[in-house]
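These notes concern the structure reproduced below.
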2 protein chains.
Amino acid sequence: MKKAAATRLMILEKAFELIYIKSYQTTSVDEIIATTKVTKGAFYYHFKTKDEMGLAILHEILKPALANSFIQPLQLQANPVVAIYDLMHGLLMENEFLKVEYGCPAANFTHEMTPWNADFRKVLDEITREWETAMATALENGKEKGFIRKDVNSKQVTLFVMSGYWGIRNFGKLENSKSIYLPYLQELKNYLHSLS
Amino acid sequence: MKKAAATRLMILEKAFELIYIKSYQTTSVDEIIATTKVTKGAFYYHFKTKDEMGLAILHEILKPALANSFIQPLQLQANPVVAIYDLMHGLLMENEFLKVEYGCPAANFTHEMTPWNADFRKVLDEITREWETAMATALENGKEKGFIRKDVNSKQVTLFVMSGYWGIRNFGKLENSKSIYLPYLQELKNYLHSLS
DNA sequence: TTGCAAACAGACCGAGCGGTATCTTCTATG
DNA sequence: CATAGAAGATACCGCTCGGTCTGTTTGCAA
């Protein structure tokens, strides 16, 4: 990789981590350049504005990360009951990047940016729809293979499950302990089994 | 009410609405005093800091509001399947204060304040637990009256349902339309029926 | 009516914000 | 090796932030 491209990517990655911990609005450009050891000139050479950087983070960091961690796992298991549960368990209990006290990066961005920034909302909506499609497809395939009842509405279930995930991530912030995830996962398992 | 107390309450109420729309961190004291037509001297007479005002909002506005809108409805219906569904339907589809594009005030506060302000987290945790207790109690009573299966774990179900609510509120921000609530409510109904 | 604290008014402050302007240093290509 | 454009450095700007300070008005008890 060219040096300049590496600088740009490094800014995006470190800024993403900072923003995950501190939120977008309260993470200043000065903080970003301090932790990246990149000067303001370099920063504003690569990004016209802070928001342009924010959007680049969504496109170039968050989107691929979600494809890897949220979508791929759904395609490794034919039984959606198992696939969805394992995905959630992995995200909540095993994922090393995601911290209980800071919640879900995508949910955080949605929470603070969506009501008043149309560009952010558009990208976040795209990202969310990708996950939605992947999960709904997994459920549909599961129906064909007899893992899921035929009368189950896949899109509806997907929305229900995704909502639960975003919500429990917020609960985690309150409790500040992963132990709150366990009863959620248990009930998710019960719910998923009721679909088969 | 004394005039000074009225001023204080007016600040809290208007600030709460502003913060609901704009988020706490991006709502400045200057904005609050501009919309309330209260001067800075008056504001800082009533509240030592912005955070003290924020905590007062949680205690004096949000807490009673949740008791009225989130807890009381659960005690009007003996069958928790109906009570919980009606509560959610009322909150999502009928409540006039809550707007789809701005989400849930309690969830918003939790999202942005909880990771780095222990005082806010404590109050929000209290408020959440009140709701949790009310819903779990409703489910337990429902078990005794035969509306809910005996093997259902009330606390677990409560957590699952509350998570779904917070999550779908976040989805609403993305879609910016109440229509996204309908499939969620439909699946919630399916899930609740699976408990009986 | 006076006295005095409660309540309010508003100019002001230093710090931090996002962003710009100008300059210097790399680096790829002829 | 020359040189032009890419990349990076840094001082600076206007503005807003939360908060302070000093002064004025209001309400109520004596």
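Each chain gets a letter, A, B and so on, in the order the sequences are listed, and its residues count up from 1. Keep in mind that this is a model prediction, so the values were computed, not measured.
- Heavy-atom distances under 4.0 Å link DNA chain C to Thr27(A), Ser28(A), Val29(A) of residues 14-29 of chain A, given in residue order.
- Phe147(B) is not connected to Leu76(B) by any chain of hydrophobic side-chain contacts under 4.5 Å among Ile, Leu, Val, Met, Phe, Trp and Tyr, and they are in different clusters.
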Collect all protein-nucleotide pairs involving nucleotides 4-8 of chain C in which both atoms are nitrogen or oxygen and the distance is under 3.5 Å.
residue, atom, partner, partner atom, Å
dA7(C), OP2, Tyr45(B), OH, 2.1
dA7(C), O5', Tyr45(B), OH, 3.4
dC8(C), OP1, Thr7(B), OG1, 2.8
dC8(C), OP2, His46(B), NE2, 2.6

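- With hydrogens and angles left out, the side-chain atoms of Tyr181(A) and Arg169(A) include a donor and acceptor closer than 3.5 Å.
- Taken from CG in Leu159(B) to CG in Leu185(A), the straight-line distance is 9.5 Å, to the nearest 0.5 Å.
- Nucleotides of DNA chain D that come within less than 4.0 Å of any heavy atom of chain B span, from the 5' end to the 3' end, dC17(D) to dT20(D).
- By the 4.5 Å heavy-atom criterion applied to side chains, Phe160(B) and Phe160(A) are counted as neighbours.
- Residues Phe120(B) and Tyr24(B) place their aromatic rings such that the two centres sit under 6.0 Å apart.
- Asn141(A) and Glu144(A) are not linked by any side-chain donor-acceptor pair at a separation below 3.5 angstrom, with hydrogens and angles left out of the test.
- Side chains of Tyr191(A) and Asn190(B): no donor on one and acceptor on the other come within 3.5 Å.
- Following rounding to the nearest Å, Phe43(A) (CZ) and dA21(C) (P) show an atom-to-atom distance of 17 Å.
- Under 4.0 Å is where a charged nitrogen must lie from a carboxylate oxygen, and between Lys155(A) and Glu187(B) no such pair does.
- No side-chain heavy atom of Glu112(B) sits under 4.5 Å from any side-chain heavy atom of His111(A).
- In this structure, Lys40(B) reaches the bases: a heavy-atom distance under 4.0 Å links it to at least one base atom across the strands shown.
- Residues Phe47(A) and Ile11(A) meet the side-chain proximity criterion, which asks for heavy atoms closer than 4.5 Å.
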